[in-house]
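Below, each value reflects all heavy atoms present in this structure, side chains not excepted, and no hydrogens, waters or symmetry copies.
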Amino acid sequence: MISLRCVSALWMGFLFFISAGFCSVEVLAQERMRDVYEGFATVEVKRENYVVSRNKAVQLALKNGLKEALKEIMGEEEFEASQRDLRKILRHASHYVKSYRFLEAYDDPANLTSEVRLEMRFFSSAVNQTLAGLGVIAGPVNENKVVLLINEKSFTSAPVTSFWDIIPISETQLANNLTENGITVVDRENLRDIVSERTVLKAIQGDLSFARKIGLKAGADIVIVGTAVSSLREENINKGTKTVQANINVKVVSTLESSLITAKTEFSTIKHGQALQAELEAFDIASKKLSDFLTPSFHRYREKGVELPTKKAPEAPPMSMSDM
């Protein structure tokens with residue numbers, strides 16, 4: 001029979017595990033990686049060269065063993081979804097092997113095959129470090145870091161073909177406003193070499209798994225992605241003024257939970273003699289409104305660790321964001 005003291009200890013251990021579980025996916029991954037794995041492989045023998053076939057079977061068995069380890073670390077669904085990212089690590093499976101030994105080895109002259117079953121140990125820190133670098137599990141996620149990426153269409157700027165070719169006005173001003181509110185925003189330049197344009201655009205389109213990848217690669221616990229657009233609404237030639245409208249629409253995603261924290265749309269309309277100045281002021285006002293809304297939502301999320309109810313955004317005048 002289990003004593004009350006044992007039950008109490010088990011319960012306290014369970015509570016500690018639950019509370020610690022939200023600290024970092026990387027920690028969970030390291031804990032879930034077993035000390036020993038097995039890998040099996042069968043290779044066809046060519047020109048009766050069993051030595052070469054045996055070596056190929058060993059390499060394939062190591063790769064299969066690493067696959068099992070990755071499935072265990074990431075989960076079956078995430079493993080299948082990350083096949084493209086995992087090619088690099090699987091191609092060099094032997095680099096992550098600390099040691100291995102033969103459990104079985106059999107050369108079959110009748111069927112011209114070589115079979116091996118190996119028991120192997122991996123460098124768990126190297127595996128986790130590579131996975132974190134690929135963005136498929138979390139590296140050290142900083143709970144005070146935010147990624148901000150906005151796809152902007154400005155009527156005063158020439159069209160560009162690549163997301164990374166411009167520095168959006170809306171993104172820059174929103175980043176400045178968040179920084180003034182005490183939020184640490186990851187610099188855009190630090191992201192362009194580690195995050196693909198496809199990943200960013202998928203995240204902006206609403207795929208939370210791609211937003212999560214951005215957060216993992218950046219080491220940030222919150223990812224803000226969205227669209228922005230400006231347009232000339234009216235031009236009064238007699239008064240020499242131009243009316244410009246700017247819209248910013250963002251989604252805020254939790255990196256570790258891969259869930260939507262909140263979403264918000266803001267707009268501003270400014271009249272000025274210069275179109276560019278009107279656009280700058282309109283984006284500035286809209287971004288300030290967004291910053292004032294988002295900052296407390298970050299604090300509430302980090303305190304509670306739960307999804308927040310999304311406040312309904314005000315209806316914008318006739319500027320559709322669906323074409324972004």
Derivation of the side chain to side chain contact (heavy atoms under 4.5 Å, CB included) call for Phe293 and Thr262: CA-CA 10 Å; Phe293 171 81; Thr262 190; 3.7 Å; yes

Step-by-step side chain to side chain contact (heavy atoms under 4.5 Å, CB included) determination, Val147 to Val195: CA-CA 11 Å; Val147 169; Val195 179; over 6 Å; no

Side chain to side chain donor-acceptor pair (under 3.5 Å) assessment of Glu234 paired with Asn236: CA-CA 7 Å; Glu234 183 182 351; Asn236 191 320; 5.0 Å; no

Stepwise side chain to side chain contact (heavy atoms under 4.5 Å, CB included) test for Phe283 and Thr172: CA-CA 10 Å; Phe283 270 132; Thr172 301; over 6 Å; no

Stepwise side chain to side chain contact (heavy atoms under 4.5 Å, CB included) check, Ile73 with Phe79: CA-CA 9 Å; Ile73 292 171; Phe79 175 82; over 6 Å; no

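Looking at Arg302 and Asp221, their side chains come closer than 4.5 Å, going by heavy atoms from C-beta outward. The side-chain heavy atoms of Asn64 and Phe40, taken from C-beta on, include no pair separated by under 4.5 Å. Side-chain contact between Lys88 and Thr130: absent, with no pair of heavy atoms (C-beta onward) separated by less than 4.5 Å. The shortest side-chain heavy-atom distance between Ile261 and Arg300 does not fall under the 4.5 Å cut-off. Under the 4.5 Å side-chain criterion, counting only non-hydrogen atoms from C-beta, Phe298 is not in contact with Asn144. Here the side chains of Ile183 and His299 are in contact, with some heavy-atom distance below 4.5 Å. Between Ser53 and Lys46, the closest side-chain pair of non-hydrogen atoms is not below 4.5 Å. For the pair Leu174/Ser291, a side-chain contact is recorded, criterion being any heavy-atom separation below 4.5 Å from C-beta on.
Within the model, atoms CG of Leu66 and CD1 of Ile89 stand 5.0 Å from one another, a figure rounded to the nearest 0.5 Å. Remark: Ile150 CD1 to Ile224 CD1 distance equals 8.0 Å, nearest 0.5 Å. Note: Leu62 CG to Tyr96 OH = 13.5 Å, rounded to the nearest 0.5 Å. Note that the NZ atom of Lys217 and the OG1 atom of Thr255 stand 13.0 Å from one another [nearest 0.5 Å]. Interatomic distance, CG of Leu290 versus CD1 of Ile248, reported as 5.5 Å (0.5 Å rounding). Rounded to the nearest 0.5 angstrom, Lys239 NZ and Lys271 NZ are separated by 5.5 Å.
Here Leu60 is tied into one hydrophobic group with Val43, each link being a pair of ILVMFWY side chains closer than 4.5 Å. Within the hydrophobic cluster formed by Ile, Leu, Val, Met, Phe, Trp and Tyr side chains joined at under 4.5 Å, directly or through other members, Val51 stands alone, with no partner residue. When hydrophobic residues (I, L, V, M, F, W, Y) are linked wherever their side-chain heavy atoms come within less than 4.5 Å, Phe123 remains an isolated member.
Sorted by first and then second residue, the salt bridge (charged side-chain N to carboxylate O under 4.0 Å, His left out) pairs involving residues 286-298 (not counting sequence neighbours) are Lys288-Asp292. Applying the salt bridge (charged side-chain N to carboxylate O under 4.0 Å, His left out) test to pairs two or more places apart or on separate chains, those with a residue in residues 164-187 are Glu171-Arg188. Pairs passing the salt bridge (charged side-chain N to carboxylate O under 4.0 Å, His left out) check and including a residue from residues 52-67, sequence neighbours excluded, read Arg54-Asp107.
Under the salt bridge (charged side-chain N to carboxylate O under 4.0 Å, His left out) criterion, Arg101 pairs with Glu119, not counting sequence neighbours. Judged as a salt bridge (charged side-chain N to carboxylate O under 4.0 Å, His left out), and not counting sequence neighbours, the contacts of Arg192 are Glu189. Shown here are the salt bridge (charged side-chain N to carboxylate O under 4.0 Å, His left out) partners of Lys242, two or more places apart in sequence or in another chain: Glu235. Taking the side-chain hydrogen bond (donor to acceptor under 3.5 Å, both in side chains) definition, one finds that Glu197 meets it with Ser162, sequence neighbours left out. Remark: Asp108 pairs with Asn111 by the side-chain hydrogen bond (donor to acceptor under 3.5 Å, both in side chains) rule, at least two apart or across chains. With sequence neighbours left out, Asp35 forms a salt bridge (charged side-chain N to carboxylate O under 4.0 Å, His left out) with Arg121.
When all heavy atoms of Ser268 and Ala282 are compared, the closest pair comes out as CB-O, 3.3 Å. In this structure, Val58 and Val116 approach most closely via the heavy-atom pair N-CG2, 4.0 Å. Here the closest heavy-atom approach between residue Lys145 and residue Ala220 is recorded as O-CB, 3.3 Å. Considering every non-hydrogen atom in both Val223 and Ala211, the closest pair reads CG2-O, 3.4 Å. For the residue pair Gly65 and Met120, the shortest heavy atom distance occurs at CA-SD, 3.8 Å. Residues Ile169 and Ser154 approach most closely at CD1-OG, 4.5 Å, considering heavy atoms.
The environment of CD in Glu48 is sparse: at most 12 heavy-atom neighbours from other residues, nucleotides or ligands sit within 6.0 Å.
In this structure a side-chain-to-backbone donor-acceptor pair under 3.5 Å is missing from Ser82 to Asp85. Glu152 places a side-chain N or O within donor-acceptor distance of the main-chain N or O of Ser170, the cut-off being under 3.5 Å. Side-chain N or O atoms of Asn249 include none that pairs as donor or acceptor with a backbone N or O of Thr227 at under 3.5 Å. Looking at Glu115, its side chain never comes within 3.5 Å of a backbone N or O of Tyr106 through a donor-acceptor pair. Of the possible polar contacts, one joining the Ser230 side chain to the Phe155 backbone as a donor-acceptor pair under 3.5 Å is found.
In this structure, Tyr100 and Phe102 have perpendicular ring planes: the angle between them is above 60°, well past the 30° mark.
Both Leu148 and Ile222 belong to a single network of hydrophobic side chains, linked directly or stepwise wherever heavy atoms of I, L, V, M, F, W or Y lie under 4.5 Å apart. Hydrophobic clustering (ILVMFWY, side-chain heavy atoms < 4.5 Å, transitive): Val200 and Val186 are in one cluster.
A side-chain contact (heavy atoms from CB on, under 4.5 Å) with Ser287 holds for exactly one of Leu178, Leu294, Asn176, Asn177; it is Asn177.
When only modelled atom types and interatomic distance are considered, Asn247 and Gln245 share a side-chain donor-acceptor pair under 3.5 Å.
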